[in-house]
Amino acid sequence: MRAVVCHSRHFKARDKLEALFSSLRRPEIVPLNPVLAEDLFGKVLDEYPDIKTLQKLHSKIVVDQHLHFNPSLGIKLMRAYAACGQTGMTRHIFDESPERNVIFFNVMIRSYMNNRLYQEAFLVFKVMFGHGFLPDNYTYPCVLKVCSASHDLRVGLQVHGAVVKVGLGLNLFVGNGLVAMYGKCYCLVEARRVLDEMPRRDVVSWNSMVAGYAQNARFDDALEVCREMESLRLKLDAGTMASLLPAVTNTSSKNVTYIKEMFENMFNKSLVSWNVMIAVYVNNSMPSEAVDQFLHMEACEIEPDAVTIASILPACGDLSALLLGRRLHQYVERKKLLPNLLLENALMDMYAKCGCLQDARKVFDSMEFRDVVSWTSLISAYGRSGQGRDAVELFEKMQDSGLSPDSVAFVSVISACSHAGLLEEGKHYFKLMIDEYKIVPRIEHFSCMVDLLGRAGRVDEAYSFVKEMPLEPNERVWGALLSACRVYSNMDVGLIAADKLFQLVPEQAGYYVLLSNIYAKAERWQDVMTIRSMIKNRGIKKTPGISNVELSDKVHTFLAGDRSHPQSKKIYEELDVLVGKMKELGYVPETDSALHDVEEEDKECHLAVHSEKLAIVFALLNSKPCTPIRITKNLRVCGDCHTAVKLISQIAEREIVVRDTHRFHHFANGICSCGDYW
DNA sequence: GTAGGGTTAG
């Protein structure tokens, strides 16, 4: 974030500097009046110039006998260097300054803090006393923030003691710092006590309390503090919304509505409040609402910043809204928001999720700095496309580049191995994670391993793995096992897994269907019927199949058997024509519903047409010949559709990319990239 | 000057 802020500032500062230098070149004002020069240089430094401008300015100051060692300029230079990440230079100026005061120490501590050098910040704080300087009402809030950022309760408690001793306990900023520190350190009772004992509180004090609860997963308490604020007739602001964000991630629709109302009632909607609103939708799997909110924001002529774009990009990825995604990419280039690590990571992932692996790769290759997230995004992108070897190669390169893979990186690489059938490699990475990187495997890693073993046909080994794992197996673990049992027709283990799943998630229709598939393959029709009636008797609701397709900046959604689309009649007619041509090529529609279901769409839905077929025909009718068609589905592609889409790609001479819940299928010339195994 | 908004898996 810092980089972004500084970046936009750099340009303004550079312009000012050019004007400054050209005025310096004018002979009538050389030698420059020292007071005027101090003022001018100070103004440029306050705008955080880029490193080159800063160095030029610094050398000008050093050679000027009046300005060299000027304390005010020294402080500004320190701040400007810190904003460029050059804390070494900040420290140098600090050490060399002959006339230091308490502000020098405060700026030095803040510089370290902003560059996440927390131990260095603490050290400066400690040596202040030895130099005869007492920390003041500026020092303590800053040091408390260092405690918050490093979750250092031990120092935090010492600072609290010192604050009370020197009589700063009643200071508003110090109090706010204490509330935040205790909140970050999981001491919510203490945080609340400090808040209650503050003689004067402002909206920041309350927001800090909201943030404390929200960060500690105390969602209801966080919302309760908001209601308390409302009852005190305090104006909730963008900061309140931002503080609440962790509390309304994967939350109830009631909570989302509460935030929405908070936003709507906000008198001055700042950029941050728009950004938070978008993030709330994204974090609650409501990508369409997020996109709508973004378009609304544009219509209100609010200029998005890097945070806005980084927040909305995952929604584009979710919806495969490639056109919008590309438009956003152009926007960030036009607004010179790049380079920005988070934005680049988000762009890469958007392209990958839209099935544009090459565009994702292009972003990756163009990046100056990459972190574990950058590599992980690309590794999982290759994994989802079934290119396990490329994923493994990237993983090795990431290690070679000196980065330590984290827990998520291992999920990605093991999952990539699983999709590509790289059994030994997957096992190797699981072991590497534990033995070399000392990462304690989480439930996600175990479910990946079960998937890896299961897909490779080692169903019994997978079951043993489940029995021996130190964590309680969850839905995903049993689900991976059941899927493997369907593929390899393992009735015994399948029944065990299904039984567990029916207990864990009795309302999930998909697992009943999977089990009925296993029975059907074994021709146990009586059991198939039993499962069918179980679904009916238990009143289990099925997730309807939905496919999205984007056309000129608008995402069109189709349900299975959908007839609500304005072009519906045309779509069905065209589909009939296509089916005729497909039959000439040997297509036989699969009518056996039990085998037909991969997941949740039952017999009735099969009589209707699956959503991906409708979306594809719609795209065929409405897009130019030869342009690729990209579909995103909320369930897995069934066997019948898979066969049909292969043929459609051949007949219509179109590349068709279908993203289902598990992976990408790239259809072209009658074949699919998954090699018919998914 | 104190709170608070972004990216990666399944």
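We name chains A, B, ... by the order of the sequence lines, and we start the count at 1 in each one.
Listed nucleotides B:dT2, B:dA3, B:dT7 differ in distance to A:Asn207; the shortest reach to its side chain belongs to B:dA3. Considering only the side chain of A:Lys184, B:dG4 comes nearest among B:dG4, B:dT8, B:dT7.
Counting any heavy atom pair closer than 4.0 Å across all strands shown, A:Glu475 reaches no nucleic acid atom. Using a 4.0 Å heavy-atom cutoff across all strands shown, A:Thr376 reaches at least one base atom of the nucleic acid. Residue A:Ser380 is classed as a sugar-phosphate contact, given heavy-atom separations below 4.0 Å to backbone atoms only. Counting any heavy atom pair closer than 4.0 Å across all strands shown, A:Leu347 reaches no nucleic acid atom. No engagement by A:Arg370 is indicated, since no non-hydrogen atom pair under 4.0 Å with the nucleic acid exists.
Under 4.0 Å is where a charged nitrogen must lie from a carboxylate oxygen, and between A:Lys353 and A:Asp318 no such pair does. We find that A:Glu228 and A:Arg201 are not joined by a salt bridge, their nearest charged nitrogen and carboxylate oxygen being 4.0 Å or further apart. Between A:Glu289 and A:Lys260, none of the side-chain N atoms (NZ, or NE/NH1/NH2) sits under 4.0 Å from a carboxylate O, so this pair counts as no salt bridge.
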Self-check item: Dot-bracket line, read 5' to 3' along DNA chain B, where crossing pairs take [ ] and | marks a partner on another strand, Watson-Crick or G-U under 3.5 Å
Solution: ..........

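Taking the six-membered ring where the residue is Trp, the centroids of A:Tyr437 and A:Phe410 are separated by under 6.0 Å. Aromatic ring centres of A:Phe105 and A:Phe94: separated by under 6.0 Å. In this structure, A:Phe364 has its ring center under 6.0 Å from that of A:Trp375.
For the pair A:Leu341 CG and B:dT7 C1', the interatomic distance rounds to 8 Å; values are reported in whole Å.
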